[in-house]
Amino acid sequence: MTPPTRLIVDVDTGIDDSVALLYLLAREDADIVAVLSTAGNVPTAQVAANNLAWLDLCGRPDIEVAVGADGPLKIPLRTTEDTHGPQGIGYAVLPPSTRALSERSAAQAWIELTRENPGELVALVTGPLTNLALAIRADPELPQRLRRLVVMGGAFQHPGNTTPVAEWNISVDPEAAAEVFAAFSSVPEDRAPIVCGLDVTERIELRPDHLRRLAELADSTPVELIGSDDAPDARSTTSNPIVRHLSDAVRFYFQFHRDHGQGFIAHMHDPFAAAVALDPTIARYRAATVDVETEGRITRGQTVADWHGLWGRSPNAAITWETDADAFLDDLILRLAAFARTVTPPGNRTDR
Ligand code: BDR
Ligand code: CA
């Protein structure tokens, strides 16, 4: 049997980051070495608290959680509670964790883990690239020591979701993203970072029926169908804590997407990137040289892809271009359900 993929996961948890985390925990072919917390959707302390709480709920207090920088390299932090809820996890209220955070910073963890496991670790970043950029500043050889980097970020031939041209993760810290893409220009092309931009991730549409099926498959009762017209204080009462908290988190994300004219759906950006990190064959790619606009008056944060070598620089990215969204969503629900069935949270809490 192939050994599980060992992963560094750097997140700004975040509703879809939460789903990504649960999905990775659910997969037997994934071994999360550390969860690193980046400021983005919510401030870094809240991101770390969310990471600890999800790991506790899933019975994984053994996984290291480290905190990253308070904010971007050069500009003040912007957060987006309107997208992800006041705590970043929608309407979910997780029991707070009592365990300690790692004593090392996220940037230190990046450096030390890749030194201890050269060529072995796959890294998944589903938030701004601040921690990774800081780590590379301190240790420019770091990109050479990763087996592969997978990033959720950017919008290539697709509108942005934060400005007309910029995607959120890149837009929060464009300097960090520019530095990371430049640093990875030195790795061989067959190990170029995989970049999951909005071009593909906005095609991954989770719907209420998926969550209904999740509850059904997890034997969680009652099986609920989240509706767009539900009362504002509607919350899940289903028996399985993972299904219940996930439903409360994603309900908020459905409403956010609806309120922005995208329908009562939720884009699963980060879970898709997590799946790609474990199995790149689920997508097809286009090679390009990617750079990030850091100056533009109205284009700051735009990811520019040179598809045709016009800059005379080698490709530094494999951009996800096509995938079978339904197959991925089926896999997501099946694995989350199987996982939810097996996990008994510590003390079988009476939390909600
Ligand atoms: C990205 O922005 C965040 O709000 C999501 O968690 C995802 O990582 C999508 O643009
Ligand atoms: Ca994210």
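Keep in mind that what you see is a predicted model, and the values were worked out from it rather than measured. Order of listing sets the numbers, starting from 1, for every ligand and every atom in it.
A salt bridge is absent between E64 and R99; no separation between the charged side-chain nitrogens and carboxylate oxygens falls under 4.0 Å. Salt bridge R207/D209: absent, no basic N to carboxylate O contact under 4.0 Å.
With sequence neighbours excluded, the residues forming a salt bridge (charged side-chain N to carboxylate O under 4.0 Å, His left out) with R213 are D330, listed by chain and number.
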Please give the N or O to N or O pairs under 3.5 Å between ligand 1 and the protein, distances rounded to 0.1 Å.
| unit_1 | atom_1 | unit_2 | atom_2 | d |
| --- | --- | --- | --- | --- |
| ligand 1 | 4 (O) | N41 | OD1 | 2.7 |
| ligand 1 | 4 (O) | H84 | NE2 | 2.9 |
| ligand 1 | 6 (O) | D16 | OD1 | 2.5 |
| ligand 1 | 6 (O) | D16 | OD2 | 3.3 |
| ligand 1 | 6 (O) | D17 | OD1 | 3.0 |
| ligand 1 | 6 (O) | N41 | ND2 | 3.2 |
| ligand 1 | 6 (O) | D270 | OD2 | 3.1 |
| ligand 1 | 8 (O) | T126 | O | 3.0 |
| ligand 1 | 8 (O) | N169 | ND2 | 3.0 |
| ligand 1 | 8 (O) | D270 | OD1 | 2.7 |
| ligand 1 | 8 (O) | D270 | OD2 | 3.0 |
| ligand 1 | 10 (O) | N161 | ND2 | 2.8 |
| ligand 1 | 10 (O) | E167 | OE2 | 2.4 |

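Note: F252 and H84 fail the aromatic proximity criterion, with ring centroids not under 6.0 Å apart.
Side-chain N or O atoms of N316 include one that pairs as donor or acceptor with a backbone N or O of V290 at under 3.5 Å.
Aromatic ring pairs are classed by plane angle as parallel below 30°, tilted from 30° to 60° and perpendicular above 60°; the pair H257 and Y253 is perpendicular. Using cut-offs of 30° and 60° on the angle between ring planes, the pair F264 and F254 is tilted.
Using a 4.5 Å cut-off between side-chain heavy atoms of Ile, Leu, Val, Met, Phe, Trp and Tyr, with links allowed through other members, V19 and I265 fall into different hydrophobic clusters.
The salt bridge (charged side-chain N to carboxylate O under 4.0 Å, His left out) analysis of residues 119-134, with sequence neighbours excluded, yields the pairs R6-E120.
Excluding waters, the set of protein N, O or S atoms lying under 3.0 Å from the Ca ion (ligand 2) comprises D12 OD1, D17 OD1, D17 OD2, T126 O, D270 OD2.
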